[in-house]
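Indexing begins at 1, ligand by ligand and atom by atom, following the structure's order. None of the values given here were measured: they were computed from a predicted structure.
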Amino acid sequence: MDVLSSAEINLSHVYAARARIQGHVCRTPLRLAPALSELVGVEVRLKLDCMQDTGAFKIRGAMNSLLSLDPTQAERGVICVSTGNHGRAVAYGAKKLGIPAIIGITPHVPPIKVRAMESLGADVRILGDDQEAAQHAADQLIEEEGYTEIHPFDHAATIAGQGTLGLEVIEDMPDLDTLICPLSGGGLLGGTSLAVKTLSPRSWVTGVSQARGPGMIDSIRFGRPVSVPETPTLADSLAGGIGLNNRHSFQLVRDYVDDFVTVTESQIADAMAWLYRHERIIAEGGAAVGVAAVLNDLAGTLGPKTTIVISGGNVDMDKFTRIVEGWRPED
Ligand SMILES: *Cc1c(COP(=O)(O)O)cnc(C)c1O
């Protein structure tokens, strides 16, 4: 079944994930974007995982991982490192399933996301100044305390869970020409491109990252995982590298994704404001990068049936309002 990639994850894992998480995660709409379609001259749809439970797609992979634990692992508890949305998803799922959870964060995680995790009863701890340092501290806790890690992007269960988004897209639009999707560690796009390309090999898939530290794109261009400096960005949910010992997502993204694009801070802000004004959608920075690429004509020729993934909507409302009112960050 998995003819394109040498990775260990294939479409059957994505189907298994879907069966496992059904009832815990909702099927999000693939909605026509009339204003954007009008602007670019092709039918553009938005896959609205900003409407997903916990406000981002991350619940797909987190739930699949939590539901795959054996009873001993579930009793000992789980740990994860997160830029916010993954931690919130793990906290939510862990609470639902009665599993103790430690969420490791950095000081860069926006307060709105920290509060959401704490209000779910998770043990939220700043474990390091950047994602890599936090991961290192988490590794130590795992070794000492026997917690099970729920990885934000590089475990098979996470990737298979995120791949259910791609499955839904291709089921709702079997004649998909172009898919444009946010890209950071590559759990979302690794799983989604695997599902889309296996079921519809002719679909063209583009990954979009922030120009400030695009860890996966730098790694793909370099030919192996490289570290990137973690710079503050409006796309906070895309910050961080892919891990120098990356096991799955690098390979999947390299093998299944056709093109890569980066967008600047002001382009991200413009896209957030545009989406709200013209489509009435609240997207966080990391979720607006696909629309930013399209608005700036960076995503190449769009096929007659195009889908852009809106991966989350967890943005601080004051910040969001300022952006809609015209505030722009420096590039
Ligand atoms: C985590 C996240 C991404 C990136 O997903 P990866 O699997 O790390 O590539 C994109 N958008 C949002 C809203 C996220 O929370």
Side-chain angles (χ1 to χ4, degrees), residues 9 28 46-62 64-65 80-90 92 105 108-110 112-113 116-117 131 135 150-166 180-194 205-210 213-220 225 228 230 233-243 246 248-250 252-254 256-257 260 263 268 271-272 275 281-293 308-316:
I9 305 159
T28 53
L46 304 176
K47 177 62 172 169
L48 294 175
D49 258 45
C50 50
M51 295 170 72
Q52 183 57 263
D53 294 337
T54 71
F57 73 88
K58 291 263 184 4
I59 189 71
R60 298 171 182 269
N64 189 43
S65 303
C80 72
V81 172
S82 168
T83 54
N85 285 336
H86 175 64
R88 180 167 172 180
V90 170
Y92 174 88
I105 59 169
H108 311 295
V109 174
I112 177 194
K113 291 179 175 170
M117 293 186 268
Q131 290 293 311
Q135 183 64 50
I150 307 291
H151 200 275
F153 58 82
D154 200 28
H155 280 180
T158 308
I159 294 170
Q162 320 304 29
T164 61
L165 183 148
I180 298 170
C181 181
L183 172 62
S184 174
L188 173 62
L189 191 51
T192 287
S193 63
L194 159 71
V205 178
T206 297
V208 188
S209 298
Q210 77 288 13
M216 180 63 85
I217 296 182
D218 282 358
S219 300
I220 297 281
V228 289
E230 201 174 310
T233 166
L234 210 45
D236 53 85
S237 54
L238 304 185
I242 68 166
N246 187 290
H248 305 289
S249 63
F250 173 75
L252 286 167
V253 169
R254 183 195 61 198
Y256 287 117
V257 179
F260 300 94
V263 290
I268 295 169
M272 292 168 78
L275 267 173
I281 284 166
I282 296 173
E284 60 179 280
V289 294
V291 170
I308 305 174
V309 176
I310 307 293
S311 46
N314 294 326
V315 53
D316 175 78

**Asked** Side chains of T192 and V205: closer than 4.5 Å at any heavy-atom pair?
**Response** no
**Minimum side-chain heavy-atom gap I282-C50 below 4.5 Å** = no
Taking only heavy atoms of [X] into account, list the atoms of ligand 1 that are under 4.0 Å away from them.
| X | result |
| --- | --- |
| G187 | 6 (P), 7 (O), 9 (O) |
| G312 | 13 (C) |
| L188 | 5 (O), 6 (P), 7 (O) |
| E284 | 13 (C) |
| N85 | 13 (C), 14 (C), 15 (O) |

**Message:** To the nearest 0.5 Å, what is the distance between OG1 on T54 and CD1 on I59?
**Reply:** 4.5 Å
**Message:** Once rounded to the nearest 0.5 Å, what's the spacing between atom CG of N85 and atom OG of S184?
**Reply:** 11.0 Å
Looking only at protein heavy atoms, which one is nearest to [atom], and what is the separation?
| atom | result |
| --- | --- |
| atom 8 (O) of ligand 1 | G185 N, 2.9 Å |
| atom 2 (C) of ligand 1 | K58 NZ, 2.4 Å |
| atom 5 (O) of ligand 1 | F57 CZ, 3.4 Å |
| atom 11 (N) of ligand 1 | S311 OG, 2.6 Å |

**Prompt:** Side chain, backbone, both or neither: which part of L238 comes within less than 4.0 Å of ligand 1 when only heavy atoms are counted?
**Reply:** side chain
**Item:** From CA spacing to verdict: ring pair (Phe, Tyr, Trp, His ring centres under 6.0 Å), F250, H248
**Value:** CA-CA 6 Å; F250 173 75; H248 305 289; over 10 Å; no
**Message:** Classify the ring geometry of H151 against H155: parallel below 30°, tilted from 30° to 60°, perpendicular beyond 60°.
**Reply:** tilted
**Asked** What heavy-atom pair brings G215 and V228 nearest, and what distance separates the two atoms?
**Response** CA-CG1, 3.6 Å
**Message:** Tell me whether L189 reaches ligand 1 (any heavy atom closer than 4.0 angstrom to a ligand atom).
**Reply:** no
**Member of T83, D236, D316 meeting the side-chain hydrogen bond (donor to acceptor under 3.5 Å, both in side chains) criterion with K113** = D236
**Message:** Under 3.5 Å between any N/O of G186 and any N/O of ligand 1: does that happen in this structure?
**Reply:** yes
